[in-house]
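Whatever order the structure lists them in is the order used to number ligands and atoms, beginning at 1. Remember, predicted model here, so these are calculated numbers, not experimental data.
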Amino acid sequence: MWSKNVSFDGGALHLSGISAAHLAKEFGTPAFFLDEDAYRSRALAWQHGLQAEFGAQAGTIYYAAKSFICTAVAQWIAEIGVGIDVCTGGELAAALAGGINPQKIELHGNNKSLSEIDRAVSAGVKTIVMDSLFEIERVAAAAKKHGVRQAVMLRLTPGIEAHTHEKISTAHEDVKFGFSIASGAAWTAVEAVAQHPELELRGVHCHIGSQIFGSEAHEIATDRLMAFMAKYRDVYGTELPELDLGGGFGIAYVAGDVTVEPADVLPQIHAAVKQACATHNLAMPLVSLEPGRNIVGPTMFTLYEVGTVKDVVIDGGKVRKYVSVDGGMSDNIRPSLYDAQYSAVIAQRKSSAPLQLSRLVGKHCETGDIIINDLQLPSDIAPGDLIATPATGAYGRSMASNYNHVPRPPVIAVNNGKARVIVRRENEADLLALDVKE
Ligand SMILES: *Cc1c(COP(=O)(O)O)cnc(C)c1O
């Protein structure tokens, strides 16, 4: 659950040798701390893993920006040389601000605006992934306007129930994303793209969901997408050169979970692609993936300060200790949104007090503002203690809100014993800056 440069010296958490107490004193709480070295190594492990597994047919690792992006991280991505998947104008702006080569950028989204499409085409992004017939017309019009031939992929729905929470499962039939293979919509989309000489159909894409373990779902998706590529070859006489199987690789949030590593899934995915090539007599396509959570998730923890503790008598006379911290659903909405599980430790000291049934809650005016529903914490936990929750890098800061007019926490990158702000803390002036005074 903890990133590679986290250690517990004398029971106190340290990141790259800097203690939690020191980090809290210098940067305040709540705050996200990012293990830069871990981030870079996870991104590189996917990149090198894909290259080692697929050789000349290795496509691109597109880091999913929505899991967490800021200008500094975009700069690291540019330096490392992996690609990026963006799905809004804002994410595109961050990618470009970080100096990422547009030829490493892929644009997603089920309702890209006309201006987002226009900016992506004029910036020269590598691929736009089509999600509706309207969009095919819109991208073709933008390509014509800018006098370019735009490479596109089709997002397909292979009809898979991934074993994950319903709200992060994206490739069963009844979803807003993509063109269904089963219903014929996907084929209609192929024919629509073929009407436009300004569009170059590069291949097919799917993203089956998030926080998925094992490679089975990706293997089934491979079969269905490649059967579709074979149909394309049969009708058009040429093969589509690219296959993009999306992201979704799971990570550990609580003890007993295991983070998926590239080597755990790439050989199986490769075998599934090879098998489908043999079945359909297709050449090996370029294979790309879009891990988001799996790269950034394990590399950050959130540091909070305990403000109050309260023993509450619950069913059967049991007592539950409510531990309130200075953040909550505004910096981690995932427990409320998808019953996501997290773990927590006291970060600045060791405690040998007996463990007590506890609930870690935030400061928002909402009963459901719960970070961890049930956990065991030392019974001597008290105001002023620091709490660290690991694996908050993905969909934490990126889904943060200003609920209750709470300023969003900063992100601090820590590397080689040095810590620096890469996203500063919001302040009340930021919150009021949008208001128009009567
Ligand atoms: C969200 C998303 C991803 C990344 O998902 P993770 O579970 O974070 O790996 C990749 N591709 C697309 C199209 C997405 O929507």
Is the positively charged end of R155 above the ring of F177, judged by distance under 6.0 angstrom from the centroid and angle within 45° of the axis? yes
Using the rule given for side-chain contact (heavy atoms from CB on, under 4.5 Å), can you reason through L375 versus L360, listing the C-alpha separation, both sets of side-chain angles and the distance that settles it, and then say yes or no? CA-CA 8 Å; L375 81 165; L360 188 66; 4.2 Å; yes
Do you see a donor-acceptor pair shorter than 3.5 Å between the side chains of T299 and D35? no
Quick check: does E290 get an N/O under 3.5 Å from an N/O on ligand 1? yes
Under 3.5 Å between some N or O of ligand 1 and some N or O of S210? yes
Do E106 and K126 meet the salt-bridge criterion of a basic N to acidic O distance under 4.0 Å? no
Pair K66 + E91: basic N to acidic O under 4.0 Å: no
What part of [X], side chain from CB on, backbone N/CA/C/O, both or neither, has a heavy atom under 4.0 Å from ligand 1?
| X | answer |
| --- | --- |
| Y395 | side chain |
| N294 | neither |
| P291 | backbone |

Side-chain touch M226/P285, heavy atoms, less than 4.5 angstrom: yes
Where ligand 1 meets H108 - atom numbers and elements under 4.0 angstrom, heavy-atom basis: 13 (C)
Could you list the atoms of ligand 1 found under 4.0 angstrom from a heavy atom of K66? 1 (C), 2 (C), 3 (C), 14 (C), 15 (O)
Between the CD1 atom in I128 and the CG atom in L107, the distance rounded to the nearest 0.5 Å is 5.5 Å
Ligand 1 contact by F177, heavy-atom criterion under 4.0 angstrom: no
Give a yes/no verdict on whether any heavy atom in G248 is under 4.0 Å from an atom of ligand 1. yes
Closest to atom 5 (O) of ligand 1 among H207, R155, R293 (heavy-atom distance): H207
